[in-house]
Trainee: 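My structure is below; once you've seen it, I'll send some questions.
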Amino acid sequence: MSVKKREDNRLPEETYAPCCRVGILGNAQGSAYVEYNGCKIVCSVFGPKQIVGDFEERASVKVSYNVASFAEEERRDKRQERNPSTGDRHTSSALSETLNGAVLKDKYPKSLIEINFLVLERTLSGSEYPLAVMAASLALTDAGIELHELPIAASVCLSPGGELLVTPTPSEIRSSSAVITVTCFPQRGSILSISQTGTTPPEQTEKAINLCVSSCVALRKIVADTLKEEAC
């Protein structure tokens, strides 16, 4: 029996393969561009910069998350009566928590590390968090910032037919009854955070988390391979 493929020709449990580039901005210490399925994100890293004033034993990591005015068709066309910044605030907060936990801040006393995101294009507000985490891992490594490990995030959604779809597309997210996102250090096998919208049966929840972790392992390899290619 053949398994039905998804709209982008992937199998239900197949992870996406985004386009990744590093070192794209000459004025930043580190930078990266990540693109997949209608979402394009640039991440730039500035620092570590010395902070003038009281001595701080650990670095301060500041995250800035911005969306270009031309990024969303739905925003330009005003087709939806909703506050488009709600998902952005959540994404910004989640990114700040993840990256503050990933950077070895003890290595950079009395320093400021700025991590800036710019969403150039997307089709669904709030769906780009996993790509943004990937972009940050690439840009921070490009900048030579020491990390506990490369943070990676992945999502799984529950389709209307009860099927779990790994790294869902925006349209799959829109039609889903639940989305689970896991952020982890894949090489260490440690989970940093789990978030969920909607409800899933307990057995589906456990399976979804395991699928997210497996996807994070696959995505980490893409990040590592991209960094190796750029280093050659």
Side-chain angles (χ1 to χ4, degrees), residues 5-24 30-43 45 63 65 91 94-99 101-103 115 117 119-124 126-143 145 147-158 164-170 172-173 176 179-196 206-231:
K5 289 194 174 183
R6 296 150 65 181
E7 61 183 52
D8 58 359
N9 210 36
R10 285 184 293 144
L11 295 172
E13 297 185 5
E14 186 177 349
T15 302
Y16 56 28
C19 169
C20 304
R21 292 162 53 198
V22 297
I24 62 168
S31 58
Y33 169 85
V34 178
E35 174 185 350
Y36 186 77
N37 208 344
C39 184
K40 301 176 181 179
I41 299 177
V42 172
C43 179
V45 175
V63 175
Y65 185 82
T91 301
L95 286 169
S96 180
E97 182 178 350
T98 295
L99 300 176
V103 173
I115 307 169
F117 295 90
V119 180
L120 300 175
E121 186 177 324
R122 67 179 178 188
T123 55
L124 180 63
S127 67
E128 64 273 6
Y129 169 77
L131 277 182
V133 173
M134 177 179 280
S137 287
L138 289 164
L140 285 164
T141 304
D142 184 45
I145 303 296
L147 307 172
H148 290 284
E149 217 269 269
L150 292 171
I152 302 292
S155 297
V156 167
C157 78
L158 184 63
L164 291 173
L165 305 177
V166 174
T167 51
T169 65
E172 288 171 342
I173 292 175
S176 69
V179 179
I180 293 178
T181 301
V182 173
T183 309
C184 67
F185 288 149
Q187 205 165 44
R188 291 187 172 193
S190 58
I191 292 178
L192 301 177
S193 66
I194 300 174
S195 65
Q196 178 172 348
E206 183 178 359
K207 183 179 179 182
I209 291 172
N210 290 334
L211 286 172
C212 283
V213 171
S214 296
S215 181
C216 286
V217 172
L219 291 171
R220 189 195 185 284
K221 185 178 186 306
I222 292 174
V223 170
D225 288 347
T226 300
L227 292 168
K228 287 178 183 177
E229 289 173 6
E230 293 296 329

Trainee: List for me each residue that meets side chain to side chain contact (heavy atoms under 4.5 Å, CB included) alongside S176, sequence neighbours excluded, and say none if there are none.
Mentor: C157, V179
Trainee: Of the non-hydrogen atoms in D142 and S31, which two are nearest, and what is the gap between them?
Mentor: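 Taking every non-hydrogen atom into account, OD2-N, 3.0 Å.
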Trainee: Any ion pair linking R220 and E149 (charged N to carboxylate O, less than 4.0 Å)?
Mentor: yes
Trainee: So which heavy atom on T141 is nearest to which on L150, and how close?
Mentor: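 Nearest pair, atom of T141 first, then L150: OG1-CD2, 3.4 Å.
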Trainee: What pair of heavy atoms forms the shortest contact from P186 to C216, and how long is it?
Mentor: CG-O, 3.6 Å
Trainee: In chain order, what residues pass the side chain to side chain contact (heavy atoms under 4.5 Å, CB included) check against N210, with sequence neighbours excluded?
Mentor: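 Result, side chain to side chain contact (heavy atoms under 4.5 Å, CB included) vs N210: E206.
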Trainee: Looking only at heavy atoms, what is the nearest atom pair of T167 and Y16, with distance?
Mentor: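 For T167 and Y16, the tightest heavy-atom pair comes out as OG1-N, 3.2 Å.
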Trainee: I180 and S195: side chain to side chain contact (heavy atoms under 4.5 Å, CB included), yes or no, with the steps?
Mentor: CA-CA 6 Å; I180 293 178; S195 65; over 6 Å; no
Trainee: Please say whether more than 12 non-hydrogen atoms of neighbouring residues, nucleotides or ligands are located less than 6.0 Å from CZ in R21.
Mentor: no
Trainee: Is there a side-chain contact between R10 and T169, using heavy atoms and a 4.5 Å cut-off?
Mentor: yes
Trainee: Working to the nearest 0.5 angstrom, can you tell me the gap between N37 CG and T123 OG1?
Mentor: 6.5 Å
Trainee: Specify the closest pair of heavy atoms between C39 and E128, including all atoms of both residues, with the distance to one decimal.
Mentor: SG-CB, 3.4 Å
Trainee: Please report the C-alpha distance between L120 and I41 in whole Å, then the side-chain angles of each, then the deciding distance to 0.1 Å, and finally whether the side chain to side chain contact (heavy atoms under 4.5 Å, CB included) criterion is met.
Mentor: CA-CA 6 Å; L120 300 175; I41 299 177; over 6 Å; no
Trainee: Side-chain contact test, heavy atoms from C-beta onward, threshold under 4.5 Å: evaluate it for V156 versus T181 and give yes or no.
Mentor: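 When only atoms from C-beta onward are counted, T181 and V156 do not touch, as no gap falls below 4.5 Å.
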Trainee: For A153, give me all partners under side chain to side chain contact (heavy atoms under 4.5 Å, CB included), at least two apart in sequence or on another chain.
Mentor: Y129, P130, V133, T183
Trainee: Using 0.5 Å steps for rounding, measure from the CD atom of Q196 to the CG atom of L158.
Mentor: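 Reported to 0.5 Å precision, the distance equals 9.5 Å.
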Trainee: To the nearest 0.5 angstrom, please state how far the CZ atom of R122 sits from the NZ atom of K40.
Mentor: 14.5 Å
Trainee: With sequence neighbours left out, write down each residue that passes side-chain hydrogen bond (donor to acceptor under 3.5 Å, both in side chains) with K221, or none if nothing qualifies.
Mentor: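 Testing K221 for side-chain hydrogen bond (donor to acceptor under 3.5 Å, both in side chains), a comparison that skips the adjacent residues, returns D225.
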Trainee: To the nearest 0.5 angstrom, please state how far the SG atom of C184 sits from the CD1 atom of I194.
Mentor: 9.5 Å
Trainee: Apply side chain to side chain contact (heavy atoms under 4.5 Å, CB included) to Y33 and V22, showing your working.
Mentor: CA-CA 6 Å; Y33 169 85; V22 297; over 6 Å; no
Trainee: Identify the residue among L219, V217, I222 that makes a side-chain contact (heavy atoms from CB on, under 4.5 Å) with I152.
Mentor: L219
Trainee: Decide yes or no on side chain to side chain contact (heavy atoms under 4.5 Å, CB included) for V223 and M134, but give the supporting numbers first.
Mentor: CA-CA 7 Å; V223 170; M134 177 179 280; 3.6 Å; yes
Trainee: Looking only at heavy atoms, what is the nearest atom pair of A208 and L164, with distance?
Mentor: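 Answer, listing the atom of A208 first, then L164: N-CD1, 3.9 Å.
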Trainee: Can you measure from OG (S155) to CG (L211) and round to the nearest 0.5 angstrom?
Mentor: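 Reported value, rounded in 0.5 Å steps: 12.0 Å.
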Trainee: Using side chain to side chain contact (heavy atoms under 4.5 Å, CB included) as the criterion, list what pairs up with S190, not counting sequence neighbours.
Mentor: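 Partners of S190 by the side chain to side chain contact (heavy atoms under 4.5 Å, CB included) criterion, ordered by chain and then number, come out as F185, R188.
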Trainee: With rounding to the nearest 0.5 Å, note down the distance linking CD in E35 to SG in C20.
Mentor: 10.0 Å
Trainee: Assess whether salt bridge (charged side-chain N to carboxylate O under 4.0 Å, His left out) is satisfied between E13 and K207, documenting all intermediate values.
Mentor: CA-CA 11 Å; E13 297 185 5; K207 183 179 179 182; 3.7 Å; yes
Trainee: Considering residues at least two apart in sequence or located in another chain, which fulfil the salt bridge (charged side-chain N to carboxylate O under 4.0 Å, His left out) criterion with E97?
Mentor: none
